[in-house]
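Only one structure is covered here, and it is reproduced in the block below.
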Amino acid sequence: MSSPLADLVLPWFRAEARDLPWRRPETTPWGVLVSEFMLQQTPVNRVEPIWNVWMQRWPRPSDLAAAPRADVLRAWGKLGYPRRAIRLHDAAAAIAEQHGDEVPSDVDALEALPGVGSYTARAVAAFGYGLRAPVVDTNVRRVVARAVHGAGDAGPARVRADLADVDALLPPDDDSAAVVSAGLMELGAVVCTARTPHCGLCPASSVCAWVANGRPAYDGPRKPVQGFAGTDRQVRGKLLDVLRDSPGPVPRAALDAVWSDAGQRDRCLDSLLVDGLCEQTDDGRFALPA
DNA sequence: CATCCGTGGAA
DNA sequence: TTTCCAAGGAT
């Protein structure tokens with residue numbers, strides 16, 4: 001159940017792991033959960049300062065659950081995808097009310113929380129509790145595609161097969177497996193990178209099927225690149241920016257000023273209301289939810 | 001399964 | 001400048 005790849009990655013990670021704050025021994029499973037929410041599609045260097053503030057301010061799930069939505073959204077700042085902040089807030093409430101203020105260690109219980117999917121559930125089990133759980137993120141999928149399958153990059157996700165691939169790499173015991181899981185992610189993040197992999201620095205190049213194949217270029221289907229300019233995502237971001245920066249409710253005119261296309265603007269404002277990222281006051285103004 | 005959901009830094 | 005993409009999840 002272990003693997004040559006794991007045997008190389010494990011000691012490399014023990015020696016070379018970045019000193020990220022959520023990896024320090026004093027970090028609680030709650031701290032790990034918060035870090036995983038923030039790291040969903042957001043780079044490490046932008047998460048670090050925000051995570052530090054959150055841990056000081058809301059050291060337990062019940063602390064965050066007790067905070068007003070507006071405070072949570074302002075503290076989230078410009079990390080992006082603010083619905084994650086809403087889901088984390090809701091997850092904190094569920095943990096406080098249904099799990100005695102303790103983050104579950106069971107993968108199924110974790111996956112039942114808002115905003116927690118296959119990746120985040122296993123990441124919390126592995127990094128928060130030191131359990132053996134196959135953690136499959138974009139880094140790990142790329143490392144496995146190269147080192148195991150000899151491909152230049154990972155194709156579309158195949159959830160079951162990807163989990164099985166990683167499960168087959170992990171050592172049998174919890175402690176080692178959790179370290180290997182972190183190590184595979186770290187390898188993908190700093191060495192086996194998407195654009196220019198640093199095979200000369202890779203601890204696993206001797207067992208890498210991609211290197212053995214002569215590093216062939218990826219030929220499969222490319223994941224579609226998302227545009228941003230002119231999308232609802234951009235408009236929602238601009239609207240939310242106004243709401244975050246204002247200490248109280250703003251008149252509709254303040255929101256109208258950020259985007260000229262009235263139809264798109266209204267659609268986006270509606271979607272923010274639906275998502276719980278915005279509220280309308282009795283006098284018709286708009287604000288972050290209380 | 002494809003698309004949507006923010007933001008900003010690097011190539 | 002444009003393009004890519006960064007520890008995903010929900011629908």
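On a predicted model such as this, the values are computed, not experimentally measured, just so you know. So you know, we letter chains A, B, ... as the sequences are listed, proteins then strands, and number each from 1.
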Could you grab the distance from atom [atom1] of [X] to atom [atom2] of [Y], nearest 0.5 Å is fine?
| X | Y | atom1 | atom2 | answer |
| --- | --- | --- | --- | --- |
| A:S205 | A:H198 | OG | NE2 | 13.5 Å |
| A:L184 | A:R141 | CG | CZ | 14.0 Å |
| A:R24 | A:D19 | CZ | CG | 4.5 Å |
| A:S2 | A:L170 | OG | CG | 8.0 Å |

Could you check whether [X] gets within reach of a base, just the sugar-phosphate, or nothing at all, counting any heavy atom under 4.0 Å?
| X | answer |
| --- | --- |
| A:V140 | nothing |
| A:T120 | sugar-phosphate |
| A:R244 | sugar-phosphate |
| A:P82 | sugar-phosphate |
| A:L79 | base |
| A:G117 | sugar-phosphate |

How many Å lie between [atom1] on [X] and [atom2] on [N], as a whole number?
| X | N | atom1 | atom2 | value |
| --- | --- | --- | --- | --- |
| A:L73 | B:dC5 | CG | C1' | 14 Å |
| A:L277 | B:dG6 | CG | P | 7 Å |
| A:R158 | B:dA2 | CZ | P | 14 Å |
| A:K78 | B:dT7 | NZ | P | 5 Å |
| A:K238 | B:dT7 | NZ | P | 9 Å |

Below 4.0 angstrom, which residues in [range] have at least one non-hydrogen atom near DNA chain C?
| range | result |
| --- | --- |
| residues 217-235 of chain A | A:V225 |
| residues 183-199 of chain A | A:M185, A:A189, A:A194, A:R195 |
| residues 4-30 of chain A | A:R18, A:L20, A:W22, A:R23 |

Mind checking the [atom1] distance from [N] to [M]? Whole angstroms is fine.
| N | M | atom1 | value |
| --- | --- | --- | --- |
| B:dG6 | C:dT11 | P | 14 Å |
| B:dG8 | C:dA10 | P | 24 Å |
| C:dG9 | B:dC1 | C1' | 14 Å |
| B:dT3 | C:dA7 | P | 23 Å |

message: According to ring pair (Phe, Tyr, Trp, His ring centres under 6.0 Å), who are the partners of A:W12, at least two apart in sequence or on a separate chain?
response: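 Partners of A:W12 under the ring pair (Phe, Tyr, Trp, His ring centres under 6.0 Å) test: none.
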message: Between A:D256 and A:R265, is the salt bridge (Lys or Arg N to Asp or Glu O under 4.0 Å) condition met? List the steps.
response: CA-CA 7 Å; A:D256 288 348; A:R265 213 173 53 217; 3.2 Å; yes
Do [X] and [Y] come close enough that some side-chain heavy atom pair is under 4.5 Å?
| X | Y | answer |
| --- | --- | --- |
| A:E48 | A:V44 | yes |
| A:C268 | A:W259 | no |
| A:C278 | A:L239 | no |

- prompt: Does atom CZ of A:R18 have more than 12 heavy-atom neighbours from other groups under 6.0 Å away?
  reply: yes
task: For atom CZ of A:R74, decide whether the heavy atoms of other residues, nucleotides or ligands shown that lie under 6.0 angstrom number more than 12.
output: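 Check passes, neighbour count above 12.
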query: Are the charged groups of A:D241 and A:R244 less than 4.0 angstrom apart, N to O?
result: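 Here A:D241 pairs with A:R244 in a salt bridge, since their nearest N and O are under 4.0 Å apart.
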query: Between A:P156 and A:R87, which has a closest nucleotide on DNA chain B that is more 5'?
result: A:P156
field: Outermost nucleotides of DNA chain C that come under 4.0 Å of a non-hydrogen atom of chain A
entry: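 Range of nucleotides touched by chain A: C:dC4 to C:dA10.
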task: Output yes when a side-chain donor or acceptor of A:R122 lies under 3.5 Å from a complementary backbone atom of A:A133, and no otherwise.
output: no
- prompt: Is a side-chain donor or acceptor of A:R69 paired with a backbone partner of A:L288 at a separation under 3.5 angstrom?
  reply: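 Judged by distance alone, no pair lies under 3.5 Å.
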message: side-chain hydrogen bond (donor to acceptor under 3.5 Å, both in side chains) for A:Y119 and A:Q40? Distances and angles first, verdict last.
response: CA-CA 10 Å; A:Y119 162 76; A:Q40 290 168 5; over 6 Å; no
query: Which residue, A:L73, A:V72, A:D71, forms the side chain to side chain contact (heavy atoms under 4.5 Å, CB included) with A:H89?
result: A:V72
- request: Decide salt bridge (Lys or Arg N to Asp or Glu O under 4.0 Å) for A:D266 and A:R252; before the verdict, give the C-alpha distance in whole Å, the side-chain angles of both, and the deciding distance to 0.1 Å.
  value: CA-CA 10 Å; A:D266 290 346; A:R252 182 179 280 276; 3.7 Å; yes
- line: The correct set of residues in residues 32-51 of chain A placing a heavy atom under 4.0 Å from DNA chain B is A:Q41, A:T42, A:R46
